[in-house]
Amino acid sequence: MITTGLMMLICTSKVFVPCNLVLTGDAFPVVMNSQGHILMAASVYGRGRIVVLSHETYLTLCPALVDNALTWLGGGESANLSLGVPKTMKGVVDNLNRSSYQVSPVEEFRADLGVSVYVTDAYQVGPKAEELIAFVKAGGGLLIGGQAWCWASQNENKNLILEFPGNKVTGVAGIYFTAQYGEAEKLPISPEIPSSWKTVGRGMDFKKDLEFLLKGISDFDIRGNGVPSAALVHGPLAFPIGTTDKGEAFLAGTYYGRGRVIVATNDTFLQNEKLASFWKNAIDWLDQGRKGVAGFERDVKLLSNLGLTCKKTNFSSELSVFVCKAYTKVDPETIQNFVVEGGGLLIGGHAWHWAIILCNFLVPGNKILSKMGLGLLTQTIKKGVYKAPDPSQINKLHFHHFLHRFACHALEGVELTKEEEESLQKLVSESASFLRMEAYNNISYIQTLSLLTDILKNVGIQQVGIIGFNLFSLCTLDLFSLKIRYHWVFQNTGIKTIHDPAPKVKHFRNNLSVHFQLQVFIQIGCQSDELVKKKLERAPRVIKRFPVTSERMQVWNLWGGLIYLLAPRDVKVEDEKIVVQEAITAPYYKSGVTKEADWSSLRKAPAPWAEMEFENIILTVPSHLIRDLENVLEVEKLWNGIMKGVADLAVIPQKFIRKERFVADVQISLGWMHSGYPVMMHSSIGAELFNPQDARTKGLWGETHELGHNQQRSPWEFPPHTGEATCNLWSVYVHEEVLGLNRAKASRNITSAKRKHYIEKYVKGGKNLSDWNVWTALETYLQLQEKFGWDAFKKVFAAYHDMTNHPNDKEGKMNLYAETFSRAVNMNLTGFFKAWGWPIQRATEEKLSDLPLWTDHPMA
């Protein structure tokens, strides 16, 4: 550490006013005043190190601190340390000559000086920026002092971040001089890295950047294809560009090192001609006036008239601007280094789909963006036309700005405005997403974590019950909602004030090989169904994952939960031993393993969660739902039959590659049930999973509907029409073929009267495809089934399994389906589909002209 073994007062004087330093990336503060101003910082770059003082006089006024900094810059060795110092800095040269260092006064920096550390001020390094950066990258040390408020006042039309001489060098290491005054104080120096909640929210002013980016832009039309995610704008050099009326960002920018970045929250934005004027401004901003080449990754459409030379290309460090999707296969660190050294990055993509199977910040784009101060969230935003924001007000939408305001409210009693109170739910959601990065080597993350911990210590947390809790009367402004989202703060700071519903797993010992460790996670909790709701009946996030990194591990989860090992599909485990200590047993049944005679005792195991694993499905429910379950073999028979039916219609192997899952909980993120892995349902209806008699007389429409969702495939799905229609094919099939329940009894929406009503309404409405959805769309498929039987659908699904190429546009996909179904039944069905309003093309009719027409179809 730079300050190890040193307890002293840093010499500050109001005569020498420092500036506040802003840090990004791997940089960390060394000295911080009571106002949260960073007066000294350090970082690494390449193989070298940088230390920055916020005023050049500190190079002479604080000799002990300088000595420590030089030792750290020299890799911990002070003996034989050779220093280069400009001759113009006579006071610094004299001070250093009194030490044991080998000091070489020089006219200017040169690559062949042969020194291990270069000492300078922030004003004369500009012309030598490239050489100094190369010197540090190769392993050299740089000690630099200065302030930027004076330069900024004399250069109002220049870009402080990129053009202040000192920033041209230190920016690559994530340390920036700013125009903000630093408060002069006498400060004790501690061996610990300083932290203050007041640092959070201290960013820069990006009004000029936004004026450039928004020139000629009055609004953003994002009504095209693709659902956007929201962007998390959290870095001190990041800022929103385009936002919804609710302040959700769908376009955002940032500085990173000496480069710039713009993120769009759906890759379709990159080819949206309605945004072409903005993209021209954006490319110019990213290019920084170099008039270089903008390289578009090969799966990104080239827009016209962008002003630069644009071409399709693979990534190259020679580009001025790189344009790619968030799912690019280019190594994230390669892209980060490209931007650090001055490159521009335009990246587009969303996170909501990826987050179904991955944590937010494991989404490919977030591996690139999170270190840069931006992120893609799982939350989606509504498509629409949104007014371009006021550049002078945009900073108020920054995550850390509002978090700072909330901290003032929670810690110092500052009143929130009505507008701020209404935005608390957004803060809650963004805070949860930010903390999930778990970037413990990033100072911005640590400072935010510290701030949230201070808030929680100050306001306290109420004890909660085992299965659920009522939040409705706990406090206003969703404060409790905010607190419980931060449960991992406690897990990583050692604070233990919240009641844990189940004992922690304190030790987890295994004999897994190193190869296996690199791919396996321990998970506590059965589902990652995150809640974003104003009223909560359970914690919003109840899952915790740990990568397996050692033979013996301590793992825990604030909310308890079942313990799982997560591994890639192709990992094989043989003769491995896993021991779990200090956990409690849960009720568990597994087909072919658990004996019926043992179930009567197993179901009484004390853990609050139970799991029943059958041939192709796993049911996870609160234990009280199965305590009295006796007919376990009948339940097993029911679900084995249902899953066989699902596989039959989908024409997939009878043994699922990954067993389906159901989880019943007190509150879920969407609807009464929703599909996914696992399928989520409310625990209030969980008992119906274990009642075979009711299943065969009343049905299980909701459950089979969600299982049908999990079998839907894009090539034969036609958004937005069939999302809630084709999944019901599995509901009808399972009820009739497995449960023995007629379709009209399975759902009140497909009785004869209802079906007739949907058809007549659609026909009277002019057979507009915009009205063809849910039950109306299902009727098309039911008519086909009643004419050709279920085997026809099986032939169609089987045919799609064998396809390697298929269209991605809706019209093309609908024509392919009409052709595929026609071939499956050896009859030309184009007339039938046209009668339903499908956009059947002439080419499709010609392809099927060799087949007999279906002329007496129900829509004739």
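Atom set for the values below is all heavy atoms of this structure, side chains included, hydrogens, waters and symmetry mates excluded.
Heavy-atom minimum distance, Phe220 versus Ile241: CE1-O, 4.0 Å. Here the closest heavy-atom approach between residue Cys19 and residue Ser54 is recorded as O-CB, 3.0 Å. Contact record, Ala388 with Ile217: CB-O, 3.6 Å, taken as the closest heavy-atom pair. When every heavy atom of Thr170 is checked against every heavy atom of Val52, the shortest pair comes out as CG2-CG2, 3.7 Å. Of all non-hydrogen atoms in Asp267 and Tyr327, the two that sit nearest each other are OD1-OH, 3.2 Å. Nearest approach of Leu214 to Pro391, heavy atoms of both residues: CD1-CG, 4.3 Å.
To the nearest 0.5 Å, atom CG of residue Leu286 and atom CG of residue Leu213 are 8.0 Å apart. For the atom pair Lys198 NZ and Glu412 CD, the distance stands at 5.5 Å (nearest 0.5 Å). Atoms CE and CD1, on Met372 and Ile347 in that order, are 8.0 Å from each other to the nearest 0.5 Å. Here Thr268 contributes atom OG1 and Leu270 contributes atom CG; the two are 8.0 Å apart, rounded to the nearest 0.5 Å. Atom CG of Asp209 and atom CE of Met204 lie 9.5 Å apart (nearest 0.5 Å). With rounding to the nearest 0.5 angstrom, the CZ atom of Arg538 is 10.5 Å from the CH2 atom of Trp559.
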Derivation of the side chain to side chain contact (heavy atoms under 4.5 Å, CB included) call for Leu232 and Leu376: CA-CA 6 Å; Leu232 178 64; Leu376 297 168; over 6 Å; no
Evaluation steps, side chain to side chain contact (heavy atoms under 4.5 Å, CB included), between Ile368 and Glu333: CA-CA 7 Å; Ile368 299 169; Glu333 188 174 348; over 6 Å; no
Working for side chain to side chain contact (heavy atoms under 4.5 Å, CB included), residues Phe239 and Thr254: CA-CA 6 Å; Phe239 53 93; Thr254 189; 5.6 Å; no
Side chain to side chain contact (heavy atoms under 4.5 Å, CB included) between Ile38 and Val31, worked out: CA-CA 6 Å; Ile38 298 172; Val31 176; over 6 Å; no
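A donor-acceptor pair under 3.5 Å links the side-chain atoms of Thr178 to the main chain of Asn20, judged by distance alone. A donor-acceptor pair is defined here as one N or O able to donate and one able to accept, closer than 3.5 Å; no such pair exists between the side chain of Thr265 and the backbone of Ala231. The main-chain N or O of His234 is found under 3.5 Å from a side-chain atom of His400 such that the two form a donor-acceptor pair. With hydrogens and angles disregarded, no donor-acceptor distance shorter than 3.5 Å links the side chain of Asn266 to the backbone of Gly348. For Gln379 (side chain) and Ser229 (main-chain N/O), no donor-acceptor pair under 3.5 Å exists by modelled atom type. With hydrogens and angles ignored, the 3.5 Å screen pairs a side-chain donor or acceptor of Ser153 with a backbone N or O of Cys150. Asn159 contributes a side-chain N or O that, together with a main-chain N or O of Leu162, makes up a donor-acceptor pair within less than 3.5 Å. Listed for the Asn33 side chain is a donor-acceptor partner under 3.5 Å among the backbone atoms of Gly36. Proximity of a side-chain donor or acceptor of Gln667 to a complementary backbone N or O of Glu537 within less than 3.5 Å is detected. A donor-acceptor contact shorter than 3.5 Å links the side chain of Arg258 to the backbone of Lys168.
Put simply, the side chain of Pro236 reaches to within 4.5 Å of the side chain of Thr24, judged on heavy atoms. The shortest distance between side-chain heavy atoms of Trp149 and Val17 falls below 4.5 Å. Annotation: side chain of Tyr45 is in contact with side chain of Val340 (closest heavy-atom distance under 4.5 Å). Residues Gln527 and Val542 meet the side-chain proximity criterion, which asks for heavy atoms closer than 4.5 Å. In this structure, Tyr176 and Leu237 have side chains that are in contact, with non-hydrogen atoms separated by less than 4.5 Å. Residues Lys382 and Thr244 have side chains not in contact (no heavy-atom distance under 4.5 Å, counting atoms from C-beta outward). Residues Leu251 and Phe278 have side chains in contact (heavy-atom distance under 4.5 Å, counting atoms from C-beta outward). No side-chain heavy atom of Thr380 sits under 4.5 Å from any side-chain heavy atom of His350.
Screening residues 212-221 for salt bridge (charged side-chain N to carboxylate O under 4.0 Å, His left out) gives Asp221-Arg223, Asp221-Lys274 as the qualifying pairs, with residues at least two apart or on separate chains.
Between the side chains of Asp529 and His674, at least one donor N or O lies within less than 3.5 Å of an accepting N or O. Residues Asn155 and Glu163 have side chains that never bring a donor and an acceptor to within less than 3.5 angstrom of each other.
With ring centers used as reference points, Trp151 lies 6.0 Å or more from Phe177. The ring of Phe206 has its center no closer than 6.0 angstrom to the ring center of Trp285. In summary, the aromatic rings of Phe250 and Tyr386 are positioned with their centroids under 6.0 Å apart. Phe16 has its ring centre less than 6.0 Å from the ring centre of His55.
Between Lys371 and Asp26 there is a salt bridge, since at least one side-chain N of the basic residue sits less than 4.0 Å from a carboxylate O of the acidic one.
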